[in-house]
**Q** 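Once you've had a glance at the structure underneath, I'll fire off some questions.
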Amino acid sequence: MSETGSETPRRLAQEARDRVRFEEEALALADQVYRVARHLVGSKEEAEDLVQETYARAFRSWRSFTPGTNLRAWLLRILTNLNIDRGRRKQRAPDTQPLEEGDYFLYNRLEESSADGSNEADRVVERLSQDDVVSALSGVPHDFRDVIVLVDIGDFSYADAAQILDIPIGTVMSRLHRGRRILKQGLAEAATTT
């Protein structure tokens with residue numbers, strides 16, 4: 001038997017082992033990928049679809065992943081890019097309305113709505129549910145929400161978020177600041193409506 005004839009089965013076997021290892025490592029991160037997806041989109045069904053599409057693309061392109069690098073960041077970059085593509089398909093443009101109340105929006109709203117002097121912090125906690133938070137986050141425009149989810153929920157550094165989103169670090173910081181302000185306004189609305 002020629003040397004090249006015996007190398008082919010070995011190479012194929014090694015490639016099969018590498019693919020199985022990749023799939024096992026990728027699937028071990030599925031819960032983390034789903035959590036990020038859940039915060040990026042409006043419903044559980046959309047998040048499940050986005051995760052499924054992410055894994056389908058990852059498994060098709062598994063050879064482009066460099067072993068020894070951050071697999072979680074690689075998967076989340078695929079997820080984020082797919083979500084961006086979905087947003088473009090929906091032709092959603094970011095909300096460019098200026099924020100009138102600034103960073104003190106919640107405080108101002110609570111002050112306006114309460115004259116009885118009760119403990120406002122307790123009222124806010126009682127009134128805000130997880131659904132309110134998810135709803136307020138889904139109200140944040142797409143570009144800002146992606147940065148909030150990666151940095152504030154996913155605990156990525158600015159540099160990692162910039163790499164995942166393929167944008168400069170300064171843009172990450174700017175979008176994070178603006179996105180947090182929009183999120184605060186949405187939470188204030190939820191907390192002060194009766």
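In what follows, residues are counted from 1 in the order of the sequence shown.
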**Q** For D146 and I164, what are the C-alpha separation, side-chain angles and deciding distance, and is it a side chain to side chain contact (heavy atoms under 4.5 Å, CB included)?
**A** CA-CA 10 Å; D146 290 349; I164 290 167; over 6 Å; no

**Q** Would F65 end up clustered with V33 when hydrophobic side chains under 4.5 Å apart are linked, directly or stepwise?
**A** yes

**Q** So, are D166 and R77 salt-bridged, with charged N and O less than 4.0 Å apart?
**A** yes

**Q** So R11 and Q14, side chain to side chain donor-acceptor pair (under 3.5 Å) or not? Walk me through it.
**A** CA-CA 5 Å; R11 186 179 51 76; Q14 182 60 46; over 6 Å; no

**Q** Please examine the side chains of L76 and L79, heavy atoms only from C-beta on, and report whether any two atoms are closer than 4.5 Å.
**A** yes

**Q** Same cluster for I78 and I84 if Ile/Leu/Val/Met/Phe/Trp/Tyr side chains link at under 4.5 Å?
**A** no

**Q** Are Y34 and K44 packed together at the side-chain level, in the sense that at least one heavy-atom pair is separated by less than 4.5 angstrom?
**A** yes

**Q** With rounding to the nearest 0.5 angstrom, report the CD to CG distance, E25 to L71.
**A** 6.5 Å

**Q** Side-chain contact test, heavy atoms from C-beta onward, threshold under 4.5 Å: evaluate it for D160 versus L150 and give yes or no.
**A** no

**Q** Which atom names give the shortest non-hydrogen contact between R145 and V140, and what distance separates them?
**A** NH1-O, 3.0 Å

**Q** Write down the atom of R175, the atom of D143, and the distance for their closest heavy-atom approach.
**A** CD-O, 3.8 Å

**Q** Can you find a side-chain donor-acceptor pair between Q32 and R35 that sits under 3.5 Å?
**A** no

**Q** Compute the ring centroids of F22 and W74, then answer whether they are less than 6.0 Å apart.
**A** yes

**Q** With a 3.5 Å distance limit and no angle check, can you tell me whether S61 reaches the backbone of S64 through a side-chain donor-acceptor pair?
**A** no

**Q** Is there side-chain contact between V147 and T171, with at least one heavy-atom pair below 4.5 Å?
**A** no

**Q** Is it the case that atom CD in Q52 sees more than 12 heavy atoms from other parts of the structure closer than 6.0 Å?
**A** no

**Q** So, for L50 and A37, which heavy atoms are closest and what is the spacing to 0.1 Å?
**A** CD2-CB, 4.2 Å

**Q** Search all heavy atoms of L176 against all heavy atoms of I148 and return the closest pair with its distance.
**A** CD1-CA, 3.9 Å

**Q** Can a salt bridge be assigned to the pair R63 and D18 using a cut-off of 4.0 Å between side-chain N and carboxylate O?
**A** no

**Q** When you measure from the side chain of Y55 to the backbone N and O of E23, does any donor-acceptor pair fall under 3.5 Å?
**A** no

**Q** Closest approach of A161 and V151, non-hydrogen atoms and distance?
**A** CB-CG2, 3.8 Å

**Q** Looking only at heavy atoms, which two atoms of A162 and I169 are closest? And how far apart?
**A** CB-CG1, 3.8 Å

**Q** May I have the step-by-step check of side chain to side chain contact (heavy atoms under 4.5 Å, CB included) for R72 and F156, ending in yes or no?
**A** CA-CA 11 Å; R72 179 175 172 240; F156 281 94; 3.6 Å; yes

**Q** At what distance, to the nearest 0.5 angstrom, does CG of L82 lie from OG1 of T54?
**A** 4.5 Å

**Q** Once rounded to the nearest 0.5 Å, what's the spacing between atom CG of D49 and atom CZ of R86?
**A** 6.5 Å

**Q** Between R38 and E46, is the closest basic N to carboxylate O distance under 4.0 Å?
**A** no

**Q** Does this structure show an ion pair linking E15 with R19, if we count only N-O contacts that are shorter than 4.0 Å?
**A** no

